[in-house]
Structures are given as C-alpha cells and as structure tokens.
Amino acid sequence: MRTSRKARGSSHSGIATTARGGALAVLALAGAIGLGACTTPEPESTPDPVGTSSAALREQLLQIEGLSDPGQTLSGLEYELQFAIDDPDRAAEATREALDAFHASGVPEALTADVAEFYDSPPRFQLSIVEAGSKGAGPHLDLPIASKDDTPTLAAAVATWSRMGQIEGIKLQTSTFDTSTFEMGYTVDFEGLLAGVRPTAVTPQLRQILADAGYDPAASTIKAAITAPEASNTVGGKEKYVQGTRFARASLPLKAVAGPNFASVSYFIPPGGKTVDIYVLPKLAPDGTLLPLDLTDETVRTAGESIQTGNFDSSWDLRDVIAFTQDGMQTFPTNA
C-alpha cells in the first residue's frame with residue numbers, strides 16, 4: 001500500500017533532514033512580519049520534542065566509549081541513527097549502549113507523533129554503522145531497528161561485522177543485516193593484492209567468523225571483488241591525479257591482447273621520476289578465483305611499444321606490466 005503524505009514535514013534541530021522548502025518559507029514569512037509590523041511582539045517559540053530529544057541523544061552518544069561520529073538523519077518516514085565503531089573489542093557493548101540510549105531518549109515517540117500529522121504510516125528506524133570520518137558517505141552496515149527487544153541481536157551483528165573488517169588487505173562494502181543473515185560484499189585492495197591476499201582465502205575466513213558468532217554461513221550472501229586505484233605513487237596511499245589524457249586510453253593495447261578475462265589496470269608511478277608500471281587486474285570466477293589472462297612476453301612487448309609511442313610519448317617511461325594471478329603476480333618487462 002502506498003504511503004500517503006498529508007503535508008510537508010518540518011526540520012528539527014537535532015536531526016539532519018532533506019526538507020528544505022519549509023525553512024525558506026519560514027525565512028520569507030519572518031522577513032515580511034519584520035517589515036510590516038516592527039512593534040509586534042515576537043511569538044513564543046513552539047516546543048520541538050523531536051529536536052530536543054535528538055539533540056540530547058547526540059550528547060549521550062558522544063559519551064559512549066568505542067563509538068564516534070554519531071549522527072541522525074530523517075528523510076520522509078526514514079530515520080537513521082549513525083555512528084562508527086572505533087574499538088572493535090567494544091563493538092557489541094557500544095552498540096547496546098547506543099541503542100539503549102536511543103530507545104530511552106524519546107526520539108521514537110516524538111517522531112511517531114510528529115509524522116502522524118503528515119503521513120498515514122509510522123516512521124521506520126534504521127541503524128547504520130559507518131566508517132569513521134566518512135560522514136556516512138562511505139561503505140556502511142544497515143540494520144533495521146524494529147523494537148527494543150532487537151538490541152542484543154543488532155549488537156551481536158555489529159560486533160561480527162567489526163571482526164570481519166579486521167581481516168588484513170580487505171575493505172568491507174555497503175552491506176545489510178536482517179534478523180540472522182548478512183548480505184555483504186568486500187574488496188581486496190591494491191595493498192592486499194600485492195601482499196598475496198586473494199578472495200578464495202578471504203571468503204572462507206568471513207564464513208568462519210559468521211559460524212563462530214552463531215550464524216548459518218550458508219544463509220548469508222558474500223560477494224568478493226578486487227580493486228586498485230587508477231593511478232598511485234605509494235602503496236596504500238592516496239590516489240594520484242595524472243593531468244591530461246595520456247592515461248585515459250593507454251590500457252587499450254593491453255586489453256586487446258589480455259583476452260576475455262581482462263578487467264582493469266592500475267598505473268603505479270614511483271615518487272621522484274616519470275617511470276610507470278602497469279598492473280593488470282583480471283575478472284573473478286564465481287568462487288573468487290582470479291581468472292587467467294592471455295598475456296605473453298611477445299604480446300606485452302608489442303602492446304608496450306604501442307603504449308609508449310602512442311600514449312606516453314616522452315612524458316612517461318613504461319617499465320613493466322605486472323599481471324595479478326591467483327598464485328601471485330607475473331611480471332612482463334616491456335623494454336619500451
């Protein structure tokens with residue numbers, strides 16, 4: 001059944017909201033009153049239970065050890081409580097304390113009463129575990145808050161998620177938890193690939209963590225990926241911006257000879273020079289195995305010559321092409 005909206009919602013001091021038109025209208029109205037009747041006494045402010053309770057909740061969350069970056073958002077009927085876990089060892093306890101504070105804050109009751117004036121359906125509440133410093137823009141774990149009785153279940157799920165995030169060489173992606181199952185994804189990053197981390201070893205570790213926490217690993221979905229920055233000059237550092245378009249199509253000669261399992265490339269530019277190494281990332285098999293590429297010494301040498309003369313010219317010196325494989329890496333000197 002479609003949720004009907006009775007009127008435009010209002011914004012609250014303690015919650016970030018997507019409704020902006022109402023605020024502009026209030027400003028315009030206030031200006032008209034100020035110009036037309038300067039001697040009219042200011043009306044008493046209307047109590048805002050949602051703003052008051054959410055502001056108080058934020059102050060409580062800031063005091064919880066092992067938790068950081070608390071936030072609250074409201075979009076229509078969707079309320080989201082956000083925070084990051086700083087200390088994985090306190091993930092369950094910090095989550096329990098945060099949810100207890102939420103349920104005792106009056107926010108659920110105030111929001112329910114508030115949206116009843118504008119909607120025919122009650123608000124929906126969600127917990128989102130975000131990355132510290134990301135302001136909710138990065139990967140996160142979303143968990144529905146149905147009732148206070150769900151607190152132990154959600155706390156255990158957050159603790160499990162935090163343990164999975166401690167595996168070296170991977171980064172968890174946006175995932176969801178519902179009752180007893182996870183739908184999740186992760187990537188093995190450039191640093192992990194260089195260190196020999198492969199999805200075929202990571203996924204079993206994740207499933208073992210689920211089993212150890214009392215979940216049925218077969219009931220959850222885990223999707224793997226591998227990734228590397230488009231261009232970088234340090235391993236594990238920030239992505240490097242390369243001005244111009246010389247790198248935009250430089251991978252095409254390699255793609256043409258790498259075969260159907262070619263996925264992408266990453267340009268590594270060591271600091272202090274103009275040497276470039278190209279790392280080739282293959283596609284993954286359904287089980288996470290890195291699929292083989294069709295590269296040979298001869299085809300890479302020919303592709304390297306094309307890249308050097310047609311793309312890099314005198315601006316960059318192509319040194320090696322390195323292909324990630326299931327068992328490690330294969331290096332092809334280009335002599336370009």
Do Leu291 and Val197 land in one hydrophobic cluster if side-chain heavy atoms of ILVMFWY residues count as linked below 4.5 Å?
no
Could you work out, with side chain to side chain donor-acceptor pair (under 3.5 Å) as the rule, every residue matching Glu168, not counting sequence neighbours?
none
Is Asp212 close to Arg163 at the side-chain level, that is, under 4.5 Å between some pair of heavy atoms?
no
For the backbone of Ile64 and the side chain of Arg90, can you confirm whether one donor and one acceptor N or O come within less than 3.5 Å of each other?
no
Is the shortest heavy-atom distance from the side chain of Phe268 to the side chain of Arg319 under 4.5 Å?
no
Return yes if some donor-acceptor pair links the side-chain N/O of Asp150 with the main-chain N/O of Thr153 below 3.5 Å, else return no.
no
Side chains of Leu284 and Pro199 in contact at under 4.5 Å (non-hydrogen atoms):
yes
Quick check: does any side chain N or O of Arg124 sit under 3.5 Å from a backbone N or O of Leu77, one acting as donor and the other as acceptor?
no
Nearest-0.5 Å distance, OH of residue Tyr267 to OG of residue Ser251
4.5 Å
Contact summary for Pro292 and Asn261, nearest pair of heavy atoms
O-ND2, 2.7 Å
Will you find, in the side chains of Tyr186 and Thr203, an N or O donor that is under 3.5 Å from an N or O acceptor?
yes
Hydrogens and angles aside, do Asp142 and Ser128 bring a side-chain donor and acceptor to less than 3.5 Å of each other?
yes
Between Thr299 and Thr302, does any side-chain donor sit less than 3.5 Å from a side-chain acceptor?
no
Let me check something: do Leu281 and Leu252 share a hydrophobic cluster, defined by ILVMFWY side-chain heavy atoms less than 4.5 Å apart, either directly or through other members?
no
Output yes when a side-chain donor or acceptor of Asp313 lies under 3.5 Å from a complementary backbone atom of Thr309, and no otherwise.
no
Atom CG in Asp320, atom CG in Asp277: separation rounded to 0.5 Å?
5.0 Å
Nearest non-hydrogen partners of Ala250 and Pro253, listed with the distance
O-CD, 3.2 Å
Got a sec: does the NZ of Lys274 have more than 12 other heavy atoms crowding it under 6.0 Å?
yes
State, with a plain yes or no, whether a side-chain heavy atom of Ile278 is found less than 4.5 Å away from one of Ile322.
no
Got a second to check how far Thr151's OG1 is from Ile145's CD1, nearest 0.5 Å?
8.0 Å
Interatomic distance, CD1@Ile129 vs OG@Ser175, rounded to 0.5 Å, equals 12.0 Å
Quick one: do Thr296 and Val257 satisfy side-chain contact (heavy atoms from CB on, under 4.5 Å)? Show the steps, please.
CA-CA 9 Å; Thr296 66; Val257 297; over 6 Å; no
Distance alone, cut at 3.5 Å: any donor-acceptor contact between the side chains of Thr200 and Gln326?
yes
Apply the test side-chain contact (heavy atoms from CB on, under 4.5 Å) to residues Val235 and Leu194: give CA-CA distance (whole Å), side-chain angles for both, the deciding distance (0.1 Å), then the verdict.
CA-CA 9 Å; Val235 177; Leu194 289 172; 3.7 Å; yes
Side chain of Thr52, backbone of Pro49: donor and acceptor closer than 3.5 Å?
no
Assess the residue pair Asp86 and Leu67 against the criterion (side-chain contact (heavy atoms from CB on, under 4.5 Å)); give the C-alpha distance rounded to whole Å, side-chain angles, the decisive distance to 0.1 Å, and a yes or no.
CA-CA 6 Å; Asp86 287 343; Leu67 179 155; over 6 Å; no
Flag side-chain contact, heavy atom, 4.5 Å: Asp297 against Phe332:
yes
So which heavy atom on Arg96 is nearest to which on Ala155, and how close?
CG-CB, 3.4 Å
Can you confirm whether more than 12 heavy atoms, excluding those of Glu230, are under 6.0 Å from its CD atom?
no
Aromatic ring proximity Phe247/Trp316, centre distance under 6.0 Å
yes
Of all heavy-atom pairs between Leu57 and Leu81, which one has the smallest distance, and what is that distance?
CD2-CD1, 4.4 Å
Do the side-chain N and O atoms of Tyr79 and Gln72 include a donor-acceptor pair separated by under 3.5 angstrom?
yes
As an exercise, state the distance from CG of Asn311 to CG of Leu318, rounded to the nearest 0.5 Å.
10.0 Å
Are any of the side-chain heavy atoms of Lys171 and Glu131 separated by less than 4.5 Å?
yes
Ring center gap for Tyr279 and Phe190 short of 6.0 angstrom:
yes
Looking only at heavy atoms, the pair that brings Ala91 and Ala159 closest together is CB-CA, 3.7 Å
Does Ser232 reach the side chain of Glu239, with side-chain heavy atoms less than 4.5 Å apart?
no
Which distance, rounded to the nearest 0.5 Å, do you find between the OG1 of Thr95 and the CG of Leu154?
8.5 Å
Under 3.5 Å, side-chain donor or acceptor atoms of residues 100-112 against the rest of the protein: list the pairs with distances, not counting sequence neighbours.
unit_1, atom_1, unit_2, atom_2, d
Ser105, OG, Phe102, O, 2.6
Ser105, OG, Val107, N, 3.1
Thr112, OG1, Pro108, O, 2.7

Treating Ile, Leu, Val, Met, Phe, Trp and Tyr as nodes and any side-chain heavy-atom pair under 4.5 angstrom as an edge, say whether Ile85 and Leu62 lie in one connected cluster.
no
Using distance only, find each side-chain donor-acceptor pair of residues 215-229 under 3.5 Å and give its atom names and separation, not counting sequence neighbours.
unit_1, atom_1, unit_2, atom_2, d
Tyr215, OH, Ala157, N, 3.4
Asp216, OD1, Ala218, N, 3.1
Ser220, OG, Phe182, N, 2.9

Begin with the C-alpha distance, continue with both residues' side-chain angles, and end with the deciding distance and a verdict on side-chain contact (heavy atoms from CB on, under 4.5 Å) for Val280 and Leu254.
CA-CA 9 Å; Val280 186; Leu254 278 173; 4.3 Å; yes
Tell me, do Arg301 and Thr334 make a side-chain contact under 4.5 Å, heavy atoms counted?
no
We want to know whether Thr289 and Asp287 form a side-chain donor-acceptor pair, criterion being a heavy-atom distance below 3.5 angstrom.
yes
Which pair of non-hydrogen atoms, one from Leu143 and one from Leu141, has the smallest distance, and what is that distance?
CD1-O, 3.6 Å
